[in-house]
Structures are given as C-alpha cells and as structure tokens.
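One structure below.
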2 protein chains.
Amino acid sequence: MAVVSRYTIALHILTWLAYWVEKDEFFPSDRIAKSVGTSPVFLRRILGQLAKAGLVLVQHGGTGAGWRLARSPEKISLLDVYEAVVQTPLFELHHSQPNPGCVIGHGIQPALQRVYGDSEETLKRRLAQESIADLVASSLEHGKR
Amino acid sequence: MAVVSRYTIALHILTWLAYWVEKDEFFPSDRIAKSVGTSPVFLRRILGQLAKAGLVLVQHGGTGAGWRLARSPEKISLLDVYEAVVQTPLFELHHSQPNPGCVIGHGIQPALQRVYGDSEETLKRRLAQESIADLVASSLEHGKR
DNA sequence: TCCATTGTAACTACTTCAGTTATATTGAAA
DNA sequence: TTTCAATATAACTGAAGTAGTTACAATGGA
C-alpha cells in the first residue's frame with residue numbers, strides 16, 4: 001500500500017504557506033482549501049498535527065485568524081512533515097500471529113523488524129535531504145510551463 | 001500508512017520454502033499456512049503473484065502438488081518480492097485535483113512526483129541489498145533463543 | 001478412476017480514509 | 001461589550017481496501 005495522501009496534503013499546505021511567506025500574515029483554512037481542492041475541516045485536522053509538531057502557528061479568534069509557518073521554509077524538511085503526519089510504521093507485520101512452534105514462524109518477526117527498521121530509516125534520511133523551500137522552487141518551475 | 005502485510009506474508013512464505021529447500025519437494029499451501037498462521041486461500045493468492053514473477057514454481061495436480069522456490073534463496077532479493085507483491089506507488093498524490101489556477105496547485109504534483117519517485121527508488125535500492133537467504137539466517141538466529 | 005491439491009469467485013467483517021454537517025469556542029476589532 | 005470571522009471537534013457518511021471464509025471447478029500424478 002502507500003503513504004497516505006494526508007502527507008501530500010500536508011506538503012501542499014506548507015508549500016502554499018511558504019509561497020506567501022513574505023506577506024507575513026495568518027491565512028484561514030478555507031483560503032488554503034481553494035488551492036488544495038479539499039475541505040477546510042480536513043485541512044484543519046492536518047494543520048493541527050503540523051502545529052503540534054511546531055511547523056505552523058495558529059491564530060484562533062478575530063479577523064486576522066488563520067495559519068502561518070513557524071519557521072523559514074528552508075528549515076522545514078520533508079522528514080519533519082513525515083514525522084508530524086505519519087504515525088504508523090512503513091511496513092506492517094503479520095495480522096495474525098505466526099506459529100511459534102515453527103523455527104521460521106518463531107524467528108521471522110524480529111528478523112523482519114530489523115530489515116524493516118533499516119529500510120524505513122533509509123527512506124527517512126532521503127526525505128531529510130529535501131525542504132519545503134525546494135518544493136516551492138520545484139513547483140514554480142513546473143507551474144511556469 | 002503502511003506497506004500491506006501481504007508483503008510480510010510473502011517474505012514469510014519464501015523464507016519458509018528456503019528453509020526446506022534441501023528437501024527438493026513441492027509443499028502444499030496448507031502446510032505453509034501452519035507456519036504463517038493464516039488461511040491457505042490467502043496464501044495461494046500471494047503465491048500466485050510470486051509465481052507470476054518467477055520466484056516460485058507450482059505443481060498443480062496429483063499427490064505431490066504444491067509450491068517450491070524457482071531459484072536459490074541467495075538469488076531472491078527483498079526487492080524482487082516487493083515488486084511481485086506491491087503494485088501501488090509508495091506515496092499517494094491528491095485524491096481530489098488541486099486548483100490548476102493556483103501557481104502552487106498547478107506545479108505541486110510534478111514537483112512531488114520527482115521527490116516521491118526518488119524516495120521510492122532509495123527504498124528499493126535498500127531492499128535490493130537483502131536476500132531471502134539473509135532472512136533465513138536472521139530468523140534462525142532469533143529463533144534459537 | 002481416484003483424490004490431494006491448486007485456481008478462483010463470491011461473500012463477510014473490519015478498518016481506514018476523505019469528506020460533510022453541525023455546534024461550541026476563540027479573540028481581535030468596532 | 002458586542003460582533004463575527006475564524007478555529008476546534010465530534011458525529012456521521014460513503015467508498016475503498018484488507019484479510020478471512022466458503023464453495024466449487026480444474027488439474028494431473030498415482
């Protein structure tokens with residue numbers, strides 16, 4: 001299966017906020033929703049996770065309420081976003097327990113956990129190399145055509 | 001989210017077959033199911049994918065019917081298994097289309113596709129480094145205790 | 001011909017995800 | 001103090017995917 005589209009949405013949100021970062025404003029969720037093409041409630045659920053991870057700031061009430069980046073786009077890596085939004089491990093183990101009476105059934109899970117852990121680490125190191133600022137640049141590059 | 005547990009099941013099957021590879025026999029799916037702890041039908045669905053990918057051989061009728069490895073465990077990488085069993089890309093894009101009138105909405109998908117593609121490649125290169133033979137060794141190591 | 005086994009379809013139960021609706025809460029500005 | 005634009009959150013829906021079960025047709029060696 002796949003890393004949920006929630007991750008894509010989170011990256012879209014942050015890239016959008018980064019694009020407007022010069023404005024130095026808080027932007028409401030339904031304004032962001034216009035670009036993402038999804039519901040403001042869904043976005044706020046994700047924005048809440050990003051806020052908890054310290055990636056965005058929220059202004060609750062009043063006329064200027066909304067969201068903005070908590071730090072500069074260069075300092076937000078795709079790994080930061082991944083860890084803010086994705087809580088489950090990349091690989092699933094068995095749903096029902098393997099037979100502990102069988103040598104393989106007994107030893108396979110720790111064996112897999114090692115490989116799975118290493119592989120997830122490898123993926124995360126790759127994500128750490130890219131920032132939201134890179135995504136803005138790359139989006140503009142493609143958006144131009 | 002996660003790579004489906006089907007991948008874990010496929011690795012369990014192949015590791016089990018590799019453990020018994022000296023026997024030079026075809027093993028029925030319900031024998032394998034005893035070790036994995038799941039239903040033979042589910043296993044046969046996965047075994048079918050593995051056969052299509054050329055990783056196992058199947059013997060249909062008769063008393064000696066069942067499954068065996070198509071080649072030696074050292075020559076089956078975890079990437080081979082991944083590609084046999086997982087068909088969807090690792091990262092999902094938007095479910096509903098982003099706004100093409102917005103600069104970011106227009107450019108974000110190709111930008112993400114590049115990063116997502118690179119990241120998936122990185123993961124696959126890691127999986128290519130490990131073989132079913134390694135999993136057998138590692139399982140026995142843990143199974144011993 | 002026998003029969004252990006695979007191949008496959010149909011169905012169920014469960015979970016997750018995205019989206020919607022509705023309501024309470026916040027807090028700057030008038 | 002009131003107003004009101006916005007967030008916070010719960011409850012619900014529909015859709016999709018996963019794993020598991022049952023049932024039955026097809027295979028092919030003995």
Side-chain angles (χ1 to χ4, degrees), chain A residues 1-13 17 24-34 36-52 56-68 70 85-98, chain B residues 1-13 17 25-34 36-52 56-68 70 85-99:
Chain A
M1 155 116 14
V3 175
V4 283
S5 85
R6 201 177 336 127
Y7 182 52
T8 287
I9 305 298
L11 292 177
H12 190 145
I13 292 171
L17 287 175
D24 204 31
E25 288 177 22
F26 288 85
F27 297 92
S29 59
D30 63 341
R31 174 96 186 271
I32 310 176
K34 290 234 169 57
V36 181
T38 187
S39 88
V41 176
F42 184 38
L43 289 196
R44 285 204 294 274
R45 282 205 280 251
I46 295 171
L47 279 159
Q49 296 184 285
L50 297 177
K52 207 168 286 177
V56 299
L57 301 175
V58 58
Q59 181 76 260
H60 276 109
T63 34
W67 309 81
R68 55 171 301 173
V85 157
V86 180
Q87 309 86 349
T88 56
L90 185 58
F91 294 93
E92 281 182 27
L93 288 180
H94 304 66
H95 285 188
S96 49
Q97 214 208 348
Chain B
M1 167 82 25
V3 174
V4 283
S5 84
R6 201 177 337 124
Y7 182 52
T8 288
I9 305 298
L11 292 177
H12 189 146
I13 292 171
L17 287 175
E25 288 177 22
F26 288 84
F27 297 92
S29 58
D30 63 340
R31 174 94 187 273
I32 310 176
K34 291 234 168 56
V36 181
T38 186
S39 91
V41 176
F42 185 38
L43 289 196
R44 285 204 295 274
R45 281 205 281 251
I46 294 170
L47 280 159
Q49 296 184 286
L50 298 176
K52 207 169 287 176
V56 298
L57 300 174
V58 58
Q59 180 79 259
H60 276 108
T63 32
W67 309 82
R68 56 171 300 174
V85 157
V86 180
Q87 309 85 350
T88 55
L90 184 59
F91 295 92
E92 281 182 24
L93 288 180
H94 304 66
H95 286 189
S96 50
Q97 214 208 348
N99 183 355

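So that the names make sense, note that chain A is the first sequence line, chain B the second, and so on, each numbered from 1. What you see below is based on every heavy atom in this structure, not just the backbone, and it leaves out hydrogens, waters and symmetry mates.
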Task: OP1 or OP2 of C:dA29 under 4.0 Å from side-chain N/O of A:Thr63 - done: no
Task: Spacing of B:Arg6 atom CZ relative to D:dA19 atom P, expressed in whole Å - done: 6 Å
Open item on the list: Taking the nucleotide of DNA chain D with the nearest heavy atom to each, does A:Val41 or A:Gly64 sit closer to the 5' end?
Closed with: A:Gly64
Open item on the list: Below the 4.0 Å mark, does C:dA18 have OP1 or OP2 next to a side-chain nitrogen or oxygen of A:Thr38?
Closed with: no
Open item on the list: Can you identify which nucleotide, out of C:dG19, C:dA10, D:dA23, has its nearest atom closest to the B:Arg45 side chain?
Closed with: C:dA10
Open item on the list: Please find the pair of heavy atoms, one from B:Ser5 and one from A:Leu93, that lie closest to each other, and give the distance.
Closed with: CB-O, 3.3 Å
- [ ] Kindly point out which of D:dT7, C:dT20, C:dA18 is positioned nearest to the side chain of A:Ser5?
- [x] C:dA18
Open item on the list: Could you tell me how far apart A:Phe42 (CZ) and D:dA10 (P) are, to the nearest whole angstrom?
Closed with: 17 Å
Task: Residue whose nearest DNA chain C nucleotide is more 5′ - A:Gln59 or B:Ala65 - done: B:Ala65
TODO: Take atom CD1 of B:Ile46 and atom P of C:dG7, then tell me their distance rounded to the nearest Å.
DONE: 13 Å
Open item on the list: What is the separation between atom CD on A:Gln97 and atom C1' on D:dA19, rounded to the nearest whole Å?
Closed with: 17 Å
- [ ] Search all heavy atoms of B:Gln59 against all heavy atoms of B:Ala65 and return the closest pair with its distance.
- [x] O-CB, 3.2 Å
- [ ] From the options C:dT6, D:dT9, C:dA9, select the nucleotide whose nearest atom is closest to the side chain of B:Trp67.
- [x] C:dT6
- [ ] Measure the distance from CG on A:Leu57 to C1' on C:dT26 and round it to the nearest whole Å.
- [x] 17 Å
TODO: Answer yes or no: does a side-chain N or O of A:Arg44 lie under 4.0 Å from OP1 or OP2 of D:dT7?
DONE: yes
Open item on the list: Does C:dG19 have OP1 or OP2 under 4.0 Å away from a side-chain N or O of B:Ser96?
Closed with: yes
- [ ] To the nearest Å, give me how far apart NZ (A:Lys52) and P (D:dA8) are.
- [x] 10 Å
TODO: Might you point out which heavy atoms bring A:Arg6 and A:Val85 nearest each other, and give the distance in Å?
DONE: NH1-O, 2.9 Å
TODO: Determine: side-chain N/O of B:His60 to OP1/OP2 of D:dA26, distance under 4.0 Å, yes or no.
DONE: no
Task: Whichever of A:Pro40 and B:Asp30 has its nearest DNA chain C nucleotide further upstream toward 5' - done: B:Asp30
- [ ] Give the rounded distance in Å between these two atoms: NE2 of A:His95 and P of D:dT21.
- [x] 14 Å
Task: Distance in angstrom units between B:Phe26 CZ and D:dG28 P, rounded - done: 12 Å
Open item on the list: Check whether B:Ser96 reaches the backbone of A:Gly37 with its side chain - one donor and one acceptor, N or O, closer than 3.5 Å.
Closed with: yes
- [ ] Please round to the nearest 0.5 Å and tell me the distance separating atom NE2 of B:His94 and atom CG of B:Asn99.
- [x] 10.5 Å
